[in-house]
Amino acid sequence: MKNTAGLILNVDGEHSNLKDLLHYRSLSTLPFGGRYRLVDFALSNLVNSGVQRIGAIGSYKYSSLVDHLGTGKEWMLSRKNQNLTILSNSTTGRLDSLLKINMRELKINQRFLEKENIDDLIIVSPNLVTNFNFSSALRIHKTNKADITLIFKKITRENNFLENDIFLDLDKYKVASMSHEDELVTDYYFADMMIIRRETLSAFINLFDDTGEMDLLDMIKDNLDSVKVFAAPHVGYLRRISDLQQYFNASMDLLDAEILRSLFLGDKPIYTKVKDNHPTYYTPTAKTSLSILGSGSRIEGSIEKSILFREITVKKNTKISNSIIMQKASIGENVTLDYVVLDKDVVIRDNATLIGNKNNPIVLKKGTKI
Amino acid sequence: MKTKSVAMLLAGGQGSRLESLTATNAKPAVQFGGKYRIIDFPLSNCMNSDIDVVGVLTQYHPYVLNNYIGDGSAWALDKMNAGARILPPYVSRGGGTWYKGTANAIYQNLDFIEIFNPEYVLILSGDHIYKMDYARMINFHIKKSADLTIAVMDVPIEEAHRFGVVIHNDDKRILEFQEKPEKPKSNHASMGIYTFTWKVLKKYLTMDNADPNSENDFGMNVIPLLHENNKRIFAYPFQGYWKDVGTIQSYYDANMDLLDPASNFDLNDTSFRIYSNNQSLYPHYIGEDAIVKDSLVCDSCIVLGQVEHSIVSHGVTIKKNVVIKDSIIHNGAIIEDGAHLERCIIGSKAVVSGKTRIVAKESDNPDEIHVINS
């Protein structure tokens with residue numbers, strides 16, 4: 001993997017129903033799973049696969065990304081031979097964008113992408129919840145002397161494809177055709193990860209003229225007869241987060257111990273920024289069941305089927321169920337929360353009741369006080 | 001190079017009174033309060049006191065400790081021309097020996113202190129749990145034009161016989177020492193925390209080393225030598241939580257104090273944080289039928305059973321039908337289905353069989369603390 005670089009770039013647009021959670025941050029830094037940010041999966045998967053040079057394209061709200069990634073030390077990317085670069089973004093926003101991989105973003109980061117000692121680039125979207133090793137995909141890429149290897153997922157019942165997904169028609173591992181149809185055409189969809197030879201990418205970047213809007217995937221589709229495009233399967237748990245429902249469902253999936261185990265308990269951990277928090281304290285009145293909790297919290301009330309991030313206070317006689325409570329929330333006495341997503345620093349005063357439902361959880365944006 | 005103060009942390013203790021908890025581990029590297037290790041306390045105190053040169057003197061099972069301290073960045077000790085340095089005994093042309101006593105350990109590292117050429121040297125012990133701003137103690141030392149300042153804490157007079165006590169005048173100048181006296185004349189107990197003026201320390205350590213009859217111990221030899229020579233020795237009064245965790249009982253009690261609001265020891269206070277070398281671990285998981293009360297639980301634990309009034313370190317698995325009360329579980333331990341544990345200390349990565357049953361009221365000695373290490 002010495003000659004492979006990683007590029008983190010948002011392939012899916014952000015659905016507008018996530019907007020309350022994305023006021024101050026990009027999709028890549030959306031908090032997930034009690035202590036992580038979505039981008040931790042892409043970064044850790046690249047690092048765990050042995051990739052030593054990684055670039056992450058920020059969105060126009062890049063401060064949360066810079067703050068989270070810092071020098072990259074937590075992902076072991078702050079070493080002389082391993083590093084992390086935050087790259088610039090060309091657009092003003094990606095809300096409901098139709099382009100998947102905008103050539104303009106690749107063009108303005110051409111200098112990073114065209115380092116001579118790099119043979120291949122792995123492009124990964126930062127909104128994928130998965131623990132995945134790229135080595136077998138890279139093997140397929142190398143053995144077939146492919147120009148491009150698209151990583152695909154087989155469609156299953158619980159694994160819904162998205163509206164503007166790309167479906168692959170495969171001849172063994174060779175990609176025969178790619179289609180953009182709204183309905184299901186084949187059983188395999190492109191899973192927002194690919195390996196591309198540096199020289200192939202450079203050729204595409206040079207083909208792109210600055211005036212238009214172009215999508216790398218369209219360029220690949222149009223050149224299927226001249227470039228060697230292969231496909232490698234993704235195995236294991238994978239969820240793509242680009243709207244509120246996907247975010248909520250993937251979060252709740254973690255309460256299934258098997259999924260939690262497959263994501264976090266293997267020998268390849270998901271790394272994130274560490275904090276110096278005290279262990280979480282459960283008082284004698286606490287009652288907790290089927291939940292995930294981060295560190296530094298104080299729990300006096302009752303928590304059920306919920307995900308609580310770090311440094312949260314829950315006062316007594318309060319009931320929280322089916323909810324996601326982000327960092328530093330402060331929840332008073334006699335409060336009832338059901339199907340609620342609270343962003344960071346939310347304050348819920350005594351005796352409040354908020355009840356959403358499974359398909360429409362109530363979202364309170366960062367710093368709300370009620 | 002000129003540095004105002006250098007801290008020397010005596011982390012060499014074998015800690016044999018902590019029994020099997022220190023079988024493969026130096027005492028300062030023993031876990032405390034779930035996520036911490038004992039050495040986090042003096043190191044965090046240094047960080048909170050803006051002391052950025054810390055020499056850590058170690059000689060027993062140094063690997064865990066070395067690995068844990070790493071580059072010192074967890075305590076902001078990764079500064080250029082400063083930082084945390086591990087100082088094991090070494091051999092030079094003139095020979096070399098194992099550290100013979102606390103004073104000898106510092107004597108053997110005078111060269112290290114010389115590099116930084118400080119005005120003051122703090123001598124700290126690696127087995128105390130407390131939060132203290134050393135900068136205030138150093139300011140006190142400067143104000144009194146002292147040669148040596150000893151931090152003291154008032155203990156109940158009936159407990160004083162367990163400590164070294166000092167008798168001082170109104171100006172806090174120490175007039176007399178009593179080491180574990182049968183009839184203590186005061187309740188000002190020495191905490192084993194010393195601030196020396198560097199020149200004085202250097203001179204007296206050299207004198208002490210030249211004396212073949214000396215045991216090379218600060219409390220027994222060096223401090224009496226300063227006292228005989230009429231040096232200015234002062235007592236710096238400390239108020240707050242302080243506990244020596246040198247025995248299983250005191251280690252257990254200090255851990256349980258974290259669950260007792262009356263103990264007044266708050267590790268959640270962000271203005272004076274205790275830092276540790278954190279790992280990147282996933283949050284903990286509480287299962288459907290679990291009961292967790294009056295307990296501290298760390299990252300990446302899986303709790304499916306019952307935990308009451310206990311401290312659970314990171315990466316612990318507690319299976320179904322398990323009852324844990326009044327216990328301390330160290331990291332990575334696995335408690336199998338059906339086990340019942342009360343007043344236990346479970347060592348790191350121990351696997352406790354489901355047949356284990358340690359119930360205080362069924363025991364001949366209900367107050368006994370059981371240490372299970374594998």
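None of these values were measured; they are calculated from a predicted model. Per chain, numbering begins at 1; letters A, B, ... match sequence-line order.
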Could you have a look at [options] and say which one has the most heavy-atom pairs with chain A under 4.5 angstrom?
options                                   : value
Cys298(B), Gly33(B), Ala290(B), Ser295(B) : Ser295(B)
Gly34(B), Pro261(B), Ser73(B), Gly287(B)  : Gly287(B)
His309(B), His314(B), Glu288(B)           : Glu288(B)

For the residue pair Phe41(A) and Phe264(A), does the interplanar ring angle fall in the parallel (under 30°), tilted (30 to 60°) or perpendicular (over 60°) class?
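If you compare the ring of Phe41(A) with that of Phe264(A), the planes turn out tilted.
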
Assign the ring pair Phe248(A) / Tyr339(A) to parallel, tilted or perpendicular, where the plane angle (0 to 90°) is split at 30° and 60°.
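Geometry flag for Tyr339(A) against Phe248(A): tilted rings.
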
Expected output: side-chain [X] to main-chain [Y] donor-acceptor under 3.5 Å:
X         : Y         : answer
Thr285(A) : Glu300(A) : yes
Asp326(B) : Arg343(B) : no
Asn45(A)  : Phe132(A) : yes

A cation-pi test, strictly: NZ or CZ of Lys293(B) under 6.0 Å from the centre of the six-membered ring of Tyr282(A) and no more than 45 degrees from its axis. Yes or no?
no

Do Thr130(A) and His234(A) pair up side chain to side chain, a donor and an acceptor below 3.5 Å, judged on atom types alone?
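Yes, side-chain donor-acceptor contact under 3.5 Å.
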
Which atoms of [X] are under 4.5 Å from chain A, going by heavy atoms: the side chain, the backbone, both sets, or neither?
X         : value
Ile291(B) : neither
Ile311(B) : neither
Leu259(B) : both
Glu308(B) : neither
Asp299(B) : side chain

Checking [X] against chain B: side chain, backbone, both or neither under 4.5 Å from a heavy atom?
X         : value
Ile299(A) : neither
Leu254(A) : backbone
Thr283(A) : backbone
Ile292(A) : both
Tyr36(A)  : side chain

In terms of heavy-atom pairs under 4.5 Å with chain B, which of Pro269(A), Ser291(A), Gly296(A), Ser295(A) leads?
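Of the options given, most contacts go to Ser291(A).
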
Looking at Glu311(A), Lys275(A), Lys273(A), Glu74(A), which one has more heavy-atom pairs under 4.5 Å with chain B than the rest?
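Most heavy-atom pairs within the cutoff with chain B belong to Lys275(A).
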
Should Lys319(A) and Asp338(A) count as an ion pair when the cut-off is N to O under 4.0 Å?
no

Report, one line per pair, each donor and acceptor closer than 3.5 Å where one atom sits in a side chain of residues 324-336 of chain A; sequence neighbours left out.
unit_1, atom_1, unit_2, atom_2, d
Asn334(A), ND2, Asn351(A), OD1, 3.3

Looking at Lys305(A), Arg239(A), Arg261(A), which hits salt bridge (charged side-chain N to carboxylate O under 4.0 Å, His left out) with Asp253(A)?
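Going through the options one by one, the only one that passes is Arg239(A).
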
